[in-house]
Each structure stands twice: as C-alpha cells, then as structure tokens.
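Both counts, for ligands and for their atoms, begin at 1 and track the order of listing.
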Amino acid sequence: MHLAVLLLVSALSGATLALDNGEMRVPPMGWLAWERFRCDIDCAHDPKNCISEDLFIDMADRLSEDGWRELGYVYVNIDDCWSSMKRDEKGRLQADPKRFPGGIHKLARYMHDRGLKLGLYGDLGTHTCGGYPGTTLDKIELDAQTLADWEVDMFKFDGCYSNATEQAKGYPLMSKALNATGRPIGYSCSWPAYQGGLPPKVNYTQLGEICNLWRNYGDIQDSWDSVLNIIDWFFENQEVLAPAAGPGKWNDPDMLIAGDFGLSMDQSRAQMALWAIMAAPLFMSNDLRTISSGARSILQNKMAISINQDAMGIQGRRIVKEKNGIDVSWRPLSNNASALVFFSRRNDMPYRYQTTLGKLNYTAGSYKIYDVFTEKTTTLKDTTGFVVSVNPTGVVMWHVSAPAKRNLRQFYKGGRLQGFAFGNDDENVVPHAFL
Ligand code: GLA
C-alpha cells in the first residue's frame, strides 16, 4: 500500500522518471565476479577460483547461508569470460560447455530457488573486453530474448569494441529490446564510462530513461589508490552526477572490494560509507568463502546499508573540503534524517576534527546522532561544538535524526512490561532496529 502510494506520487511528480521496468527503486545489492576473479578460466589448475558454475553456486550458497541475502545482497552476477567462443547454430550466445555444464538457465533457477537473482554480462561491440563474442547491433534483439529465456534478472552491457555512434544506437536499442521481452531485467549500461562520464558527450537525462544503473568511470582495482581516485572523480563531478540519480537510476562507481587484499579495515569502512552516501549500487567482489570477520561486519553493517537503501534515493554530496585533509559529505534521508561522513585524506595519525552541526548547514535544534561503526548514540544541538577523531584514510559515519521527543512511554501488556514505544507523532526517531 505504502509502496503503491509512493510510486504513484513519484510517477505524478515526474521527478523520478526512470527506465520503466519497475526495477531497482533502491540501489541494487549483491555480488559480482569481476574485480576478484577476473578472467580466470584455468579450471584445471585453479578449480576453486575459475569462472565456472561452481564459483557462482558457492557464492550463492554463502549469500543465502551467511546472512547476506537478508540484508539485501541478492544479486549473483556473472561478468566477462562466461561464454563459449562461438554462438550456437541459431546464432545465440551460449555458456562455455566445460565450465558451465548446466548452462545459464539452470544457474538462474538455482538463484531463484534461494531467493537470489542472477546477473549476466554482455558487450555492445564485436567482442567483449575479454575477447569473447560481443553483441553487434544486429544481435541485440536476439540476445535480449536469450536473457529473458534464461530468466536472467540483470544485464551489464559493456562497451568494448564499439564506437560512439554504435553506442548511441545500441544502448537505447537494448533497453527497448529488454523491455519488449516482458521480463523485468535490471539494465546496467557502461556507455558513459566509454564517453568520459561527463556532458556534453554523456546525456544523463537519457541514461536515466533507458538504464537502471551505469558505470561512469574507470574500473576499480584492488588498491586504496584506485578507490581514492574513484572517490575524487565522483565528488569532483557531483553537480553533474547527483541530479542524475534517483529511484530506478543510479550512478555506479564500481564494486566494493572490502574483503580482498588491497584495503585496510579503515579504508574498507571508508569505501562502504562513501558508497552509501553516494547511493551507489553495492556489488561486492570478494571471496565470500574466506572473507575475514572484520570485512564481513563492515559489509554487513545494517545502518550503512539502510542509509544506502534509503527510499528517497537522493545521492549525497561533499559539503566541506578542508585544507587539513578532512572532507565532510552529507546525504538527506527519509523522515528528515540524514547521514554525515567525515573522511580523512591524511596519512599521519587520527585527526581531531572540530565543528558544529550548524556549520554543516543543520538548522537550529537538537539532533540524535548514531555512530554507524561504533554504534554509539548521543544528542547534539546545532550550536554545540564537537570533535570527531578520524583515522588516516578512514571515516566517521553518522546517522542524524531529530531526537525522540519526551513522550517516550513504557507500555504494559497483561500487566507485564513489554518494552518502549514512541508517541505516534514522532517520526524522526532512529529506527528501533538500530538502537
Ligand atoms: C571492462 C569493465 C569491467 C569488466 C571487464 C571485463 O573493463 O569495465 O567492469 O566487466 O571489462 O572484461
């Protein structure tokens, strides 16, 4: 009921015009093979890590058994190097028969049986980036139909080996072709990344109408340098990028790499926090079979996820860039709440950053603060000076809401104390789950 009203309101307001497939009203979450497993097809020597159906089955098992699915991580996405080098006798794409003996359709069924979804990769052009068969303009309808026949739920359409003219035709055509199959398939477009990510070459209004998400920028690698480079590009271009995002249409700064080899725990928290602030898709690319408990708890942080998944779908922005190396980013959330991230670019030691909520544009009043990673709460007035200690290349992340009013009352049922309840007029409380 609520959802229906929300959809109606957003449809009427026209403010959230997006690809009309009803998909991805909040940023999609799941797992994607590429950054961690690349194009390892050497199953003879590396059976556990090669791109094969076993790998995706393993990840699906981990997502459904280790608490990920319940948090929203539902996509299991195959990337490049899944297909046979040849199309079949009817011209259709087909999976490599040795590495995917059951085929893609069976894998999709495996996901669906577990409440998960399957994503697949293709490429507009003669070849994929890894040299596998691509989708030329004449093959778009056929390939869209094949995806639907296989019950695929999401499609990443890369852009290697095509030129700007072909891309301008192919990306909208694929959008139409996917819609025409009648199967809702989330559509991820790499188009802007191939055109420099910025207007006038990139038309974000059009992208929002034809794609559910899009890669704007280069590939993430397993290093802090790479993450920082992406952070910088997205925040430097936020005036162009933030207005493009909304329910059903998201900027994609690429995968989460917490749990791999390149990031410290502080850097992993920084990536998670800033991806949440940016309303970015949350696709992990790591090995869920061996992930450390530290990385797992960062990626499974409920408040960071709920900030990322906020229903208004407004992409946050950097609001302060201090000379001392501290950046502050802010994202407005439903129910007059918001999120703040204090991010340190420093390399020396924890920095004690002093400010007030008033200086960060909060209006007069008293606010409830929930620290996303330490889980501590406190109350602050807009005028109260406070200090946050931010580790080098790390973050402090806050959920900020109006405090519970003083009508907090205990309630009794059958004479026994049941718990606490807030008055009905009180919308701006920290979600109870997080207290
Ligand atoms: C491009 C994409 C990556 C990945 C590879 C696969 O580089 O940007 O995300 O899909 O191709 O070859």
Side-chain angles (χ1 to χ4, degrees), residues 27-42 49-52 55-56 59 75-85 93 95-96 99-100 104 118-136 143 147 152-164 166-167 170-171 174 185-198 201-202 207 211-223 225-227 229-231 233-234 241 250-258 260 262 271 275 278 280-287:
M29 297 173 64
W31 184 90
L32 202 165
W34 182 255
E35 196 292 315
R36 175 63 181 79
F37 293 96
R38 307 283 169 151
C39 194
D40 180 354
I41 54 169
D42 189 2
N49 298 312
C50 68
I51 301 301
S52 69
L55 180 70
F56 297 97
M59 294 309 153
Y75 286 93
V76 179
N77 287 6
I78 302 172
D79 206 87
D80 205 350
C81 310
W82 61 271
S83 81
S84 158
M85 278 296 181
L93 292 169
D96 180 277
R99 292 180 287 118
F100 293 83
I104 302 299
L118 184 73
L120 196 60
Y121 167 99
D123 184 285
L124 174 63
T126 53
H127 296 87
T128 71
C129 301
Y132 288 77
T135 304
T136 44
D143 290 358
L147 294 168
V152 164
D153 304 291
M154 173 173 174
F155 182 54
K156 169 174 166 182
F157 205 24
D158 210 343
C160 272
Y161 305 108
S162 57
N163 61 34
E166 289 158 344
Q167 290 170 9
Y171 281 97
M174 178 57 86
I185 298 178
Y187 182 33
S188 164
C189 300
S190 300
W191 185 13
Y194 285 87
Q195 297 302 327
L198 297 172
K201 281 194 174 172
V202 175
L207 278 169
C211 310
N212 294 114
L213 63 157
W214 47 80
R215 285 281 310 282
N216 315 65
Y217 192 59
D219 291 359
I220 201 159
Q221 311 293 343
D222 194 2
S223 76
D225 270 5
S226 169
V227 174
N229 178 265
I230 291 173
I231 290 168
W233 190 86
F234 276 80
L241 303 178
W250 310 104
N251 293 297
D252 180 7
D254 215 0
M255 293 156 269
L256 292 169
I257 56 164
D260 293 323
Q271 195 195 14
W275 263 234
M278 285 192 281
L282 299 180
F283 287 106
M284 309 178 279
S285 191
N286 50 19
D287 191 341

Whether H127 and Y161 hold their rings parallel, tilted or perpendicular, with breakpoints at 30° and 60°: perpendicular

Side chains of Y194 and D158, donor plus acceptor under 3.5 Å: yes

Counterpart residues, side-chain hydrogen bond (donor to acceptor under 3.5 Å, both in side chains), relative to W275 (two or more places apart): none

Y132: partners by ring pair (Phe, Tyr, Trp, His ring centres under 6.0 Å), with sequence neighbours left out: none

Protein N/O near ligand 1 N/O, under 3.5 Å, which pairs?
residue, atom, partner, partner atom, Å
ligand 1, 7 (O), D219, OD2, 2.6
ligand 1, 8 (O), R215, NH1, 3.3
ligand 1, 8 (O), D219, OD1, 2.6
ligand 1, 8 (O), D219, OD2, 3.4
ligand 1, 9 (O), K156, NZ, 2.8
ligand 1, 9 (O), R215, NH1, 3.2
ligand 1, 10 (O), D79, OD1, 3.4
ligand 1, 10 (O), D79, OD2, 2.5
ligand 1, 10 (O), K156, NZ, 3.0
ligand 1, 11 (O), D158, OD2, 2.9
ligand 1, 12 (O), D80, OD2, 2.7

Given Y121, W191, Y171, the one that forms ring-ring contact (aromatic ring centres under 6.0 Å, His included) with F157: Y171

For D222, all residues meeting side-chain hydrogen bond (donor to acceptor under 3.5 Å, both in side chains), sequence neighbours excluded: none

